[in-house]
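A short write-up of the structure that comes next.
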Amino acid sequence: MQELINRLSELEIISSGLEPNAEKRKELLNVLNEYTEAFIEDIDNGKSYFQNDQAINGLEIDGKAHSLKEVLKNFDREVTHRGINPASGGHVGYIPGGGIYTAALADYLADVTNEYSGMYFGSPGAVAIEHEVLNWLKKVFGFPESSIGNLPSGGSIANLIALTAARDHHEVKGTKVERAVIYLSQQVHHCVQKALRIIGLGDVIIRYISLDDGFRLKAEELQQQIEIDKSNDLKPFLVIASAGTTDTGAVDPLNDIADIAQSENLWFHVDAAYGGFFILCAETKHLFQGIERADSLVVDPHKGMFLPYGVGAVLVKNRKAILHSHHYVANYMQDTYLSDTPLNPADVSPELTKHFRALRVWLPLQLHGIDPFIACLDEKLVLTHYFRARLMKEGFEVGPEPDLSVSYFWYPQKEKENEFNKRLMELIHEDGRVFLSSTTINGRFVIRMAILSFRTKKHTIDTAMEMIVGAVKRVMDHGF
Ligand SMILES: Cc1ncc(COP(=O)(O)O)c(C=O)c1O
């Protein structure tokens, strides 16, 4: 026994390093705060994209203890000064968001308290906060209170959860898979195709419905295709619309699609991961008419609410369908199965243990209220108009008037237009003050702008124009 007690004393001394005392915690926080303050204060002066081909070093785990100052020095060099700076307002490529500070405070609080937000039994308060966020989302999108939701890590997992519910509701399994038909547009985010494979629907028939001039799915063609498929004894069961496509920000005609889905008994899923929160803006609200009729909906707070990466949301109306795959019981969980509790997040998602990510949505809403979020979204729409107007003034061609805040442009050339614009993209990346990304639309290489970071302001667009016009001049003067 004494031997055991001695051993425990030894181990306690060594492991106590994991519990810094109050003084040490203060010191660590001061060091971290000094770093994050400098990071934020410098954000408007620094680059948004860093090209650096040198091998990464200084991040190795060598099993020894290092000071936070030393670690942050390496972190600063190898992490924040490489690739894209997603916190910068100059990030107008892919789909940005920015990462508001109060959400980082929420993460800190969630991590220090480490509330277990998977099961109500473990943390009724944390689960109540998740439900509060979901109920707020239901109100925003006109979903009934009885619908069920979850806050997974992002849009990809949120889509996966929704599509699983669609599959289970229509019992698409076994030999039924090969005759089942899904309708979507070529512009749907690729996480949808990924999810279909993951959930065993890789062999379903996918019908890509053609698009109008604004890259929106043509509802009348959807109806025609369903008729053809039914007459061939196929089984249409799901239509997927986007409320804000990744490439061009297009919102599909949701109400028309809802009419068809309803009359044809199809599950109607809407991926609003990028665009959903523009429902809050007076200018764009009308585009979302019909979203409330969806069977399932995905929206990403880590995009349109400007939160740091790591939180998406899914809402599903059909309780039975969403619980079918995700609700499970296990003996070692028996204490947690109480009657009459709010739904456990673990019953609605592949995750059991989860980060208390509802807090990073809830706390900023508590601290700021909703108005600054709406103003910021309105600002992104106006900035998109401003950017396009300035580009057109400089001789660029721009894509169709966007529904939301993603658009694209290219510099017209009689010959080698794609090569010219590819070179422009390279020069813009080399410069790095503002980060844009590219895509290919109908075989044309175009440069995309996705204005969604809360830090993107008029001066960001002015800098982007300076860069872009400078790059055109360089290619004109020196060739590719
Ligand atoms: C429309 C749309 N859906 C889904 C996703 C995937 O979301 P996530 O990257 O959060 O997994 C994205 C990402 O940009 C998107 O734009």
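Treat the numbers as computed from the prediction; the structure is a model and nothing was measured. When a ligand or atom number is given, it counts from 1 through the structure's own listing order. Because only heavy atoms are used, hydrogens play no part in the values below, and waters and symmetry mates are left out as well, while side chains stay in.
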Margin query: Check this for me, if you would: do R357 and E130 make a salt bridge, where the nitrogen-to-carboxylate-oxygen distance has to be below 4.0 angstrom?
Written below: no
Q | Chi angles and distances behind the salt bridge (Lys or Arg N to Asp or Glu O under 4.0 Å) call for K317, D295 | A | CA-CA 5 Å; K317 284 185 184 155; D295 292 292; 6.0 Å; no
Sorted by chain and residue number, the residues with a non-hydrogen atom under 4.0 Å of ligand 1 are I95, G154, G155, S156, N159, H189, C191, G244, T246, D271, A273, Y274, D300, H302, K303
- [ ] Check the angle between the aromatic planes of H169 and W267 and answer parallel, tilted or perpendicular using the 30° and 60° thresholds.
- [x] tilted
Discussion item. What I want to find out is whether K139 reaches E145 closely enough, with some N-O distance under 4.0 Å, to be called a salt bridge.
Written reply: no
Checklist line | Heavy atoms of other groups near H429 NE2, more than 12 under 6.0 Å | finding: yes
Output yes when R390 and D462 qualify as a salt bridge under the 4.0 Å nitrogen-oxygen rule, no when they do not. yes
